Amino acid sequence: MYLVIIAILSIALALRQPLDGWVLVRPREWVLLAVVLATILPPLFAAWMARRARAELEDHTDDPIRGQERFATGMFIVQVLLGLLHGSLLLLTGWMRLCRETPTVGPWPLVPALMAVFPFMLSLVLVWIAVYGVDRTIRQIAVEQYLFRGRPVRPVWSLGGYLVYKLRHELLFILIPTGIIIAARDVIEAREAPLMRVHPHLPDILIGGVAGAVALLAPLLLRFVWQTQPLAPGPLRDRLTELARTLKVRCREILVWRSGGAINAAVIGLFGPLRYVLITDAMLESMEDTRIEAVFGHEAGHVRHHHIPYFLMYALLTGCIVSAVAVTTAQHVPRTGGGQEVVYAGLGLLLLLKWTVGFGWLSHRFERQADIYAVRTLALLRLPCSQPDCRLHSDPRSAGDPRHGPLCATAASAFGDTLNEVAHLNGIPPDAGGLRHPSISTRSRFVQQVAMDPGALRRFDHGVTRLKIVLILCTLAACAWAGWKLKVWTLLDAIWR
Ligand SMILES: [Zn+2]
Ligand SMILES: [Zn+2]
């Protein structure tokens with residue numbers, strides 16, 4: 001769902017109103033009808049899909065996977081619907097203009113943008129209400145299977161708790177940082193003329209600066225948007241702190257993330273003093289400490305392999321390419337005749353590809369690299385090795401150092417089990433892949449394959465290293481180009497004087 005939310009909010013951030021040539025629906029009544037349709041169609045579809053998934057679950061109580069898969073596919077279609085309908089509402093109708101021209105609130109910063117995305121937010125909340133029942137049933141089944149194994153489990157959430165969780169974790173988490181940037185943009189653009197007298201690109205540079213500051217400080221914000229608290233002192237905290245020290249991962253705090261039942265962990269923040277490791281309360285309660293360490297190892301892998309800075313480089317680089325195309329278009333394609341609209345539609349498609357295909361491709365590689373790091377972490381924790389064909393412990397040529405060289409086969413299969421347990425507890429089908437993560441079964445198979453085949457492991461490592469070098473070089477080139485185009489030296493000169 002994150003991607004759809006980011007996409008819709010980005011449209012509101014990038015454009016104050018759609019290009020003239022795009023607008024197909026202009027009369028007020030028709031625009032309002034489009035607003036109503038876009039708002040109610042996705043939840044109606046979600047309600048129908050949820051009923052079918054629920055029936056499937058009730059008919060096949062012994063095999064919940066089918067119901068889970070139906071729900072996963074249905075939610076994918078709901079996301080596509082939300083994205084298409086609300087993207088069209090913003091880009092192809094006069095809705096954004098109507099919001100801007102609303103008396104008294106229109107001229108305020110941020111208000112027109114929030115008003116423009118309000119139907120989307122309402123639609124999203126209605127979708128959550130529609131799928132609450134089936135989502136709860138799926139979680140209940142997962143929980144019951146675990147109750148059976150004698151594990152302590154959390155009670156399944158209420159509708160209120162579910163909505164608050166979804167609002168805080170999926171919507172506000174993106175809306176608040178984007179809202180700050182949109183507000184800054186509105187304020188800066190209202191004072192564009194005096195700022196441009198100082199330097200012609202000063203407004204753009206200021207907006208860029210605000211966006212950079214928000215990205216840097218986002219972890220502090222998220223800590224409060226998400227419901228978190230420091231992990232209580234105790235044996236697990238000591239073990240994780242010790243592990244972080246061994247792995248040389250600096251973080252400000254290990255936080256318990258009140259997730260209402262979701263089994264998840266994450267790391268946020270670019271630098272040690274502003275970095276948090278988050279582990280959900282449900283994960284802490286239902287998984288063994290060794291498995292939590294395995295998950296911690298995966299998150300540590302993201303830190304030690306610098307995945308967040310590389311993602312930022314990717315965003316910056318592709319952002320530069322898109323702006324370069326936009327600037328060239330504005331200069332060379334005539335304003336009339338529809339040429340600009342075509343190029344901008346192409347740019348929109350480029351942006352969509354950037355955040356789906358490109359981002360997904362990079363993310364899958366980084367997930368695998370973090371998984372390999374997690375396997376190394378488990379071996380480093382001296383997990384007793386029981387596999388006779390382990391390349392790390394049984395091969396006389398191996399130095400036996402889990403930080404380099406081949407992977408321990410026992411650690412790889414233990415990590416695979418951890419991944420499967422996470423999927424199982426979350427009620428996610430093991431074969432369901434996502435944009436950000438490959439499917440659990442692919443990930444689990446991959447670590448076990450490379451544990452058996454050190455050559456494949458080396459090839460994978462070299463591939464990621466090459467990718468990172470290319471990313472660094474291209475980003476440097478793009479920054480140099482942008483600095484030259486924006487005539488940064490004249491800005492420095494202006495500030496100096
Ligand atoms: Zn990850
Ligand atoms: Zn081993």
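Since the model is a prediction, treat every value here as computed from it, not as a measurement. Numbering of ligands and ligand atoms starts at 1, following listing order.
In this pair, Y373 and H305 present their aromatic rings perpendicular. The plane angle is above 60°, beyond the 30 to 60° band. Between H298 and F415, the ring planes lie parallel to each other; the angle is under 30°, not in the 30° to 60° tilted range.
Taking the six-membered ring for Trp and the full ring otherwise, H169 and F173 have centroids separated by 6.0 Å or more.
Taking a 6.0 Å sphere around CZ of R237, one finds it holds more than 12 heavy atoms contributed by other residues, nucleotides or ligands. Heavy-atom neighbours of R252 CZ from other residues, nucleotides or ligands within 6.0 Å: at or below the threshold of 12.
Donor-acceptor pairing under 3.5 Å is lacking for the side chains of H302 and Q369.
By the 4.5 Å heavy-atom criterion applied to side chains, D453 and R459 are counted as neighbours.
The number of protein N, O or S atoms lying under 2.8 Å from the Zn ion (ligand 1) is 4.
Because its NZ or CZ atom is both nearer than 6.0 Å to the ring centre of W361 and within 45° of the ring axis, R365 counts as a cation-pi partner of that residue.
Going from atom CD1 of I292 over to atom CD of E285 covers 10.0 Å, rounded to the nearest 0.5 Å.
Within the protein, the N, O or S atoms sitting under 2.8 Å from the Zn ion (ligand 2) are C385 SG, C390 SG, H393 ND1, C408 SG.
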